[in-house]
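Side-chain atoms are counted along with the backbone in the values below, which use heavy atoms only and exclude waters and symmetry mates. Lettering follows sequence order; numbering is per chain, from 1.
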Amino acid sequence: MTIETTLKNLILQSFSSLYHEVLKPEDIKLELTNKDHIGDFTFVVFPFLRISKQKPEETATNIGNVVKSNCSDIASFNVIKGFLNFELSTGYWLNFLKQNIANGDFGKVTDGAGKKVMVEYSSPNTNKPLHLGHVRNNLLGFSVSQILKFAGYEVVKANLINDRGIHICKSMLAWQLYGNGETPESSGMKGDHLAGKYYVLFDQYYREEIKNLIDTGLTEEDAKKEAPLIKKAQEMLLKWEAGDTETIALWKTMNGWVYAGFEKTYNRMGVSFDNYYYESNTYLLGKDCVNEGLQKGVFVKDPDGSVWIDLTADGLDRKIVLRADGTSVYITQDIGTAQLKYDETKMDKSVYVVGNEQDYHFKVLKLILQKLGKPYSDGVYHLSYGMVDLPSGKMKSREGTVVDADELMEDMHATAKQITEELGKTEGFLESQLEVLYETIAMGALKYFLLKVDPVKRMLFNPEESIDFHGNTGPFIQYTHARICSILRNITTTPVVTTEANLHPAEQELLNTISLFPSKISDAAEEYNPALIANYMFETAKAFNRLYHDVSILGELDEQLKQNRLAICTITANTLKQGMNLLGIVVPERM
RNA sequence: GGUCCGGUAGCUCAGUUGGAUAGAGCAACAGAUUUCUAAUCUGUGGGUCGGGGGUUCGAAUCCCUUCCGGAUCACCA
């Protein structure tokens, strides 16, 4: 039983003995004591004055007395107005330390035991390389997967690749027309960048054609439809759908280049997948579900043969789910893919990491699945995240303001190298070790920067200023870990904790922070929010740095105190390492 | 126009789901180590929690209203 439930039970007990009132456990709320006051847990008595029929101070004092006399872990309590603050004993904290020092799994919870969750993220198009927006997506998806695993879930990471459609044909066509047989090998370009180059080229020539057509008197709308290039691209899509050998061969070749490129980017980012789904396989799915919906009366067929769902009663609109010619639309595919996922994995929950511009779409998807009575529908969760803006505004590929993922990582690496060298921290490292270190720091800075912000928020990325190495940053936490490691390198055995000893206030505060780790995991898993972990890591690192500054660890003369302090170092290092791992960030032992 | 999301210090963000005097980092300024890594620590200044109502012992948090920014309401994906 945790100390929190013990306290709650005792508070319940005191209500019944003092005021003859039987309350339920969920009526009792325990909070962490505000930093400005003495104590660890606070019980607010204001809501219970009607029961006690006493003044707030009186009520709190009476309850405090009952609880304290029945719990040896409480050192003292104090009452300020209606706030009853309990202070835990030093012995309690040292016991906590003793029990968890050798526990490598400290922080793990069992919230998701026996449950399976699928996390779909990344989901790129194969016509251009990944950019900053994808980076946020990938890091969120990977981190959420890590967190859910740590919270006891069985996790399947999925990537649904958008590998077909008119946009893919655009790069293919442009390559055919202007490529002169260029390949990643011949050009030395990464495959995804090569495909992207031709996608951009298509757009250039296409816009030129539109302009010329407008000059001959066409409206812009007509010009966009009549331009020879777009017509050719549409022809190509038809050929692809008909299975034309030549087109399919080109498609396979170019997609192959792109996948090889993506793989490198994913590897460098440290993200990975268990299942891959390809739209070229799934874009025809969902029609069975449409029929099922028609039979159940969830969908209706219009006179022209198109199939619809009326969601006006749910505050949404009437949505098409199948065209009159029987072909699929976006939502049809997603219904089908959801079913496919369930057939394959029987997941309880299904998380989609997709930008917030699709909030509406996923609301519709979930609603449809619920109306179809799908067992997995309640577990559908859209992890919606805000756009990453630049100081100049939105990222726009046409204006060339897109921040490319590969370039970004390369720049970060260079910055990490420069700063490390400036600080003169390169001594004692081999050249090869330094390259690894720069990469670790660079990725730590980038990942932490993107993950520490609540996903729902839009965020600003300023290439010049944003990524810092001081304060609330990845490198700060990495540095803290490295500092601890340099202390722990001096010992060879696990420190022995003595529970009869004193604790320095900074030690107590750090232990207090560390003890919150499991509940932070539960919160982050429940809310699918890595930012909670990131900010918690910062709190932990700060608490350690304060301790590090205030007391000597290796220089402590009292052997028992020294052992306890080393134990605190051990559990802190472990917590930082585990927590950062949940963000996909590696913490170095030296830096 | 309807719907959804956001608005907290000069900047970037927290705020434990209604609690105590609203917190961090950056930037600015002032300090700290003959010591286990100064990518550290301590302090100072900086606030109409977008505005206005309401609910109650108590509101950044809940309700109403209004302003600003963004998204979305495609037989595109």
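- Proximity of a side-chain donor or acceptor of A:Asn159 to a complementary backbone N or O of A:Ser123 within less than 3.5 Å is detected.
- The base-pairing partner of B:rG46, taking Watson-Crick or G-U wobble contacts with both distances under 3.5 Å, does not exist among the strands shown.
- A distance of 6.0 Å or more separates the ring centres of A:Trp251 and A:Tyr278.
- Residue A:Asp359 contributes atom CG, which lies 11 Å from atom P of B:rC4 at whole-angstrom precision.
- The gap from the P atom of B:rG58 to that of B:rU66 amounts to 27 Å, rounded to the nearest Å.
- Side chain A:Asn85 to base B:rA20: a donor-acceptor pair is found below 3.5 Å.
- Taking atom C1' in both B:rC13 and B:rA9, the straight-line distance is 11 Å, to the nearest Å.
- With rounding to the nearest 0.5 angstrom, the SG atom of A:Cys569 is 4.0 Å from the CD1 atom of A:Ile553.
- The residue A:Tyr360 sits close only to the backbone: its heavy atoms come under 4.0 Å of sugar-phosphate atoms, none of a base.
- Among the protein residues, A:Val44 comes within range of the nucleic acid bases, having at least one heavy atom under 4.0 Å from a base atom.
- Taking the C1' atom of each, B:rC4 and B:rU40 are spaced 44 Å apart, rounded to whole Å.
- Donor-acceptor pairing under 3.5 Å, judged by distance alone, is present between the side chain of A:Thr420 and the base of B:rA39.
- Put simply, the side chain of A:Asp304 and the base of B:rC75 share a donor and an acceptor less than 3.5 Å apart.
- In this structure, A:Lys425 places its NZ atom 7 Å from P of B:rA38, rounding to the nearest Å.
- By the 5.5 angstrom centroid cut-off and the 30-degree plane limit, A:His470 is classified as not stacked against the base of B:rG25.
- Spacing between atom CG of A:Leu367 and atom C1' of B:rU3 amounts to 14 Å, rounded to whole angstrom units.
- In this pair, A:Tyr283 and A:Trp240 present their aromatic rings tilted. The plane angle is within the 30 to 60° band.
- Counting to the nearest Å, the P atom of B:rC57 and the CD atom of A:Glu58 are 20 Å from each other.
- Comparing the C1' positions of B:rG6 and B:rU42 gives an interatomic distance of 36 Å, to the nearest angstrom.
- For the residue pair A:His361 / A:Asp334, a side-chain donor-acceptor distance below 3.5 Å is found, with atom types taken as modelled.
- Across the protein-nucleic acid pair, A:Lys319 atom NZ and B:rC76 atom P stand 11 Å apart, rounded to whole Å.
- A distance of 11.5 Å separates CD1 in A:Ile533 from CD1 in A:Ile585, rounded to the nearest 0.5 Å.
- Base engagement by A:Met591 is indicated by at least one non-hydrogen atom pair under 4.0 Å involving a base atom.
- Between A:Met459 atom CE and B:rU12 atom C1' the separation is 9 Å, expressed in whole Å.
- Separation of the P atoms belonging to B:rU55 and B:rG15 is 29 Å when rounded to the nearest angstrom.
- At a threshold of 4.0 angstrom between heavy atoms, the contacts of A:Arg164 with the nucleic acid are absent.
- Using a 4.0 Å heavy-atom cutoff across all strands shown, A:Glu539 reaches no nucleic acid atom at all.
- Classified by its glycosidic torsion, B:rU35 falls in the anti category, the angle being over 90° from 0.
- Distance noted for atom C1' between B:rA28 and B:rG50: 26 Å (whole Å).
- If you check every strand for non-hydrogen atoms under 4.0 Å, A:Phe476 touches sugar and phosphate atoms only.
- Between the side chain of A:Asn490 and the backbone N or O of A:Ile487, at least one donor-acceptor pair lies under 3.5 Å.
- In a base pair of the Watson-Crick type (N1 to N3 plus N6-O4 or O6-N4) or a G-U wobble (N1-O2 and O6-N3), with each distance short of 3.5 Å, B:rC41 is matched with B:rG31.
- Taking atom CG of residue A:Leu284 and atom P of nucleotide B:rA77, one finds them 12 Å apart after rounding to whole Å.
- Among the atoms of the strands shown, base atoms are found under 4.0 Å from some heavy atom of A:Glu527.
- Using C1' as the reference atom, B:rU72 and B:rA39 are 43 Å apart when rounded to the nearest Å.
- Residue contacts shown for A:Ile441 include a base, since a base heavy atom lies under 4.0 Å away.
- In this structure, the aromatic ring of A:Phe538 is not positioned over the six-membered ring of the base of B:rG25 within 5.5 Å between centres and 30° between planes.
- Here A:Ala482 lies in heavy-atom contact (under 4.0 Å) with a base.
- Formation of a donor-acceptor pair under 3.5 Å by the A:Asp40 side chain with backbone atoms of A:Leu88 is found in this model.
- Checking B:rG25, B:rA32, B:rU8 against the side-chain heavy atoms of A:His549 singles out B:rA32 as nearest.
- Contact annotation: side chain of A:Thr42 to base of B:rA20, donor-acceptor pair present below 3.5 Å.
- Nucleic acid contact class of A:Val45 (heavy atoms, under 4.0 Å, all strands): none.
- Atom CZ of A:Phe362 is separated from atom C1' of B:rC5 by 16 Å (rounded to the nearest Å).
- At the heavy-atom level, A:Asp523 lies nowhere under 4.0 Å from the strands shown.
- Straight-line distance between the P atoms of B:rU65 and B:rU61: roughly 16 Å, to the nearest whole Å.
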